[in-house]
Each structure stands twice: as structure tokens, then as C-alpha cells.
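This one's a predicted model, so the numbers in the text were calculated from it and none came from an experiment. In each ligand, atom 1 is the first atom listed, and ligand 1 is the first ligand listed.
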Amino acid sequence: MILRTLAALLFAATVASSAQAQLLKPRGVQFDQFVADLWKDAQAKGISRGTFARAFDGVTPDPRVIATTTKQPEYNKPAGLYVNQIASPANANEGRKKEVQWRSTFDAVEKKYKVERSVILAIWGMETSYGALKDKWDGIRSLSTLAFAKYRDPYFRNELLIALKIIQDGHIAREKFVSSWAGAMGQTQFMPTNFVDYAVDFDGDGKRDIWTSVPDILASTANYFAKAVGGWKMGMPWGFEVAVPQGFDLMKSRAAFDEWSKLGVRRADGKPFPQTGDGILFFPAGLPGPAFIVTPNFEVIKDYNDSDVYALAIGQLSDMIAGSPIPKTQWPAQATQLPRDDRIALQKKLAELGYDQTRFTAHIDFKMRDFVRAEQKKYGLVTDGHPNAALLANMGLKRS
Ligand code: CA
């Protein structure tokens with residue numbers, strides 16, 4: 001009996017010491033220095049020594065995270081292919097099932113936050129297939145790897161410090177703190193700062209649990225939309241596909257709905273424009289592709305993820321979930337978007353030319369599309385506001 005206990009103890013000791021050896025495996029002087037420096041900032045933000053030590057226990061930089069940052073991102077895919085993969089009948093059907101399953105929660109969330117359930121469902125479906133796709137990365141390890149590598153510095157370092165606060169506040173246990181490779185957390189993929197700004201405890205257990213509590217997830221996402229730039233306007237469509245008349249002056253990009261109507265622009269679904277409000281004319285794949293008029297709600301979706309095709313995919317998926325048939329959009333098969341480096345080069349060139357271009361992050365907004373229209377006009381190109389290879393060539397910019 002005693003011998004068996006001793007043997008068990010010895011075995012346990014061996015396991016413990018090998019685990020310890022793993023933890024003590026040298027993780028590099030530079031990473032240790034990074035953690036030591038971080039502690040000073042963490043302490044200043046009210047993180048306890050205990051939280052900090054537990055968070056970094058055994059954490060090493062993750063080479064897979066760095067490898068992921070260099071992968072070719074989504075936007076080399078043609079816009080139409082991307083949008084149609086997200087705004088698919090299968091995704092819409094699944095969304096409607098989730099709506100039935102969580103109907104009373106959606107009733108309460110819609111009442112409190114004034115954001116339609118269809119758009120919350122679309123975000124949930126897009127980000128994690130309604131929770132079916134689970135976060136697989138250790139959030140602290142991913143964020144510290146990106147911060148240590150000074151990737152988009154100081155963004156990830158700040159996110160990491162906030163992540164430590166979330167753990168300290170007890171919303172999630174350290175070992176359950178999982179995220180995407182880039183630190184986006186839970187079923188609708190909040191970054192730590194989003195969590196602090198928008199996550200809410202809707203099931204009343206005292207924790208803001210965006211990983212497993214569906215009421216918390218849905219309410220937090222609605223709260224984001226309610227408070228994001230401009231704020232979601234309930235009852236206002238995100239936008240709609242339109243047809244522009246022959247010979248339409250494409251320099252015109254912004255107008256009130258009644259003016260669009262007078263100019264002969266028509267909704268593709270045949271419905272009338274809203275009574276009041278403004279919209280922006282937008283060609284996500286250039287003139288050969290579909291035209292849309294988008295509202296300020298589109299900008300709210302872009303605040304969630306700053307990509308036109310993302311927002312378009314969310315908008316169309318939400319319409320399908322709500323049961324509105326969407327027009328059979330004809331997308332040009334070959335219309336890829338400009339790679340990130342080309343977008344940044346274009347942004348810098350626009351600023352050099354004296355346009356009020358102040359963002360150099362590769363993200364394209366409607367202000368930039370108007371600058372692009374002006375340059376297209378200068379070179380006698382179609383003024384659809386959509387930057388492409390022909391424009392870059394005319395402006396003397398080399399393709400990356
Ligand atoms: Ca909760």
C-alpha cells in the first residue's frame with residue numbers, strides 16, 4: 001500500500017517536473033524582457049502580480065501566429081465570390097433556425113438596443129457560423145506574440161493589456177481565454193477593447209461571457225451596433241442594389257433618396273426608396289459590376305469590420321435572413337480587389353496630390369472613392385470611384 005502510494009507520488013513528481021521543465025524551457029531573453037517591460041504598464045493599469053503571473057505562466061511566442069500575418073488575405077478573391085459565399089441560402093437558413101431558437105432573447109435585445117435581429121444574426125453567422133466555429137488560440141499567447149513582434153504596434157500591445165484586465169475582472173478564466181489567431185474573442189469576435197466598450201451581461205450572471213452565453217453574445221453585438229460610429233438606425237435599410245440610367249453622370253455619388261429617384265436611379269428589387277434620408281452610390285467591383293446605394297447603417301457595419309465587401313456580405317445575408325429576396329446580382333468574374341500594398345500606395349499618392357486623404361491603412365472609404373472619381377475624370381477613365389489597375393497605371397503607380 002505504502003509502496004504503491006510512493007510509486008504514485010514518484011510518478012506524479014516526474015510528471016510535475018517534466019511539466020515544469022516545459023514551463024521553464026527558455027523562451028528567449030528578448031521575450032522575457034518584453035514581459036518584464038509589459039509588467040510595468042500592466043501594474044500601472046491595475047493588474048495584480050497574481051493575474052499577470054498566471055496569464056504568462058508558460059507562455060512563449062507562437063511562430064504560427066507570425067506565419068498567419070504573412071498569408072495572402074481575403075481581398076484577392078473576386079468581390080462577388082466573397083459576397084455570395086457569405087450571403088448564401090444555407091447561411092440564411094441556419095440564421096433563421098437560430099432566430100427561432102433564440103426568439104425571446106432577440107425580442108428583448110431588439111427592444112433594448114434598437115438593432116434588427118437580422119443584422120446581429122448575419123454578424124454571428126459570418127464570424128463563427130453561429131458559434132459552430134470555436135476559437136482555437138490562446139488569446140494571451142497570440143496577443144503577446146503580435147505585440148512582441150511589434151506587428152501594427154502599439155495596437156496589439158494595448159489590446160494585450162486590456163485582455164489582462166478582462167481576465168482579472170473574472171469574466172473568463174485564464175485557461176478558457178481563447179481567441180482567433182489575432183486576438184478576436186468569442187462568437188462575434190470582439191477585440192479586447194471592443195469587449196470593454198460594448199460587451200454586456202444580458203443573462204444576469206455577473207459575467208460578460210461572449211464565448212458561451214448566447215444572450216450575452218447577442219446583446220453585446222447589438223450594443224456595439226447601437227453605439228458604433230453614427231449608431232444603427234432601426235428601420236433604415238443598410239442599402240440596396242440599384243440600376244443607374246444610361247448616360248448617368250457617375251461623378252454624382254451622394255444625394256438624398258428623393259433626388260436619386262428624380263435622377264432616374266431605381267432599386268433593383270422594384271421597391272421605392274425610403275421617404276427620407278441620404279445614400280451613397282457605390283460600385284464595389286467597378287461599373288461593369290452591380291451598383292448599390294448605401295445608407296449610414298452601412299458605415300456602422302464597416303465600423304465592425306472596415307471592409308466594403310464584408311459590409312456588403314453582412315447586408316445581403318441580413319436581408320436574406322429577414323426573408324427579403326435579394327436580386328440576382330451579376331458580379332464580374334475577374335474583378336479582384338487591389339492588394340493591400342497598392343491601396344496604401346494609392347492613398348499616399350492621393351495625399352501627395354493634395355486630396356484630404358488622411359488614412360493610409362489600405363481601408364477604402366467613400367471619401368477616398370470620391371478622390372478616385374476625380375482622378376479617373378482627369379485621365380478620361382470611367383468615374384465609378386472604384387480603384388483598379390488602369391487607374392494606378394495612369395497615376396504612374398507600379399503594381400505590387
Ligand atoms: Ca452573463
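Using bins of under 30°, 30° to 60° and over 60° for the plane-to-plane angle, the ring pair Tyr304/Tyr310 lands in the parallel bin.
Counting just the N/O/S atoms of Asp203, the one with the shortest distance to the Ca ion (ligand 1) is named OD1. Note on Asp205: its N/O/S atom closest to the Ca ion (ligand 1) is OD1. For Asp201, the N/O/S atom at the shortest distance from the Ca ion (ligand 1) is named OD1. Residue Asp216 approaches the Ca ion (ligand 1) most closely through its N/O/S atom OD2.
Residue Arg208 does not count as close to the Ca ion (ligand 1), with no N, O or S atom under 3.0 Å.
Judged by distance alone, the side chains of Gln337 and Tyr82 never bring a donor and an acceptor atom under 3.5 Å apart.
For Lys40, the salt bridge (charged side-chain N to carboxylate O under 4.0 Å, His left out) test picks out Asp37, with sequence neighbours left out.
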Exercise answer: donor-acceptor pairs, residues 281-295 side-chain atoms, under 3.5 Å, sequence neighbours excluded:
from: Thr295; atom 1: OG1; to: Pro237; atom 2: O; distance (Å): 2.7
from: Thr295; atom 1: OG1; to: Trp238; atom 2: O; distance (Å): 3.3
from: Thr295; atom 1: OG1; to: Asn297; atom 2: N; distance (Å): 3.1

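Atom NZ of Lys378 is surrounded by more than 12 heavy atoms from other residues, nucleotides or ligands within 6.0 Å.
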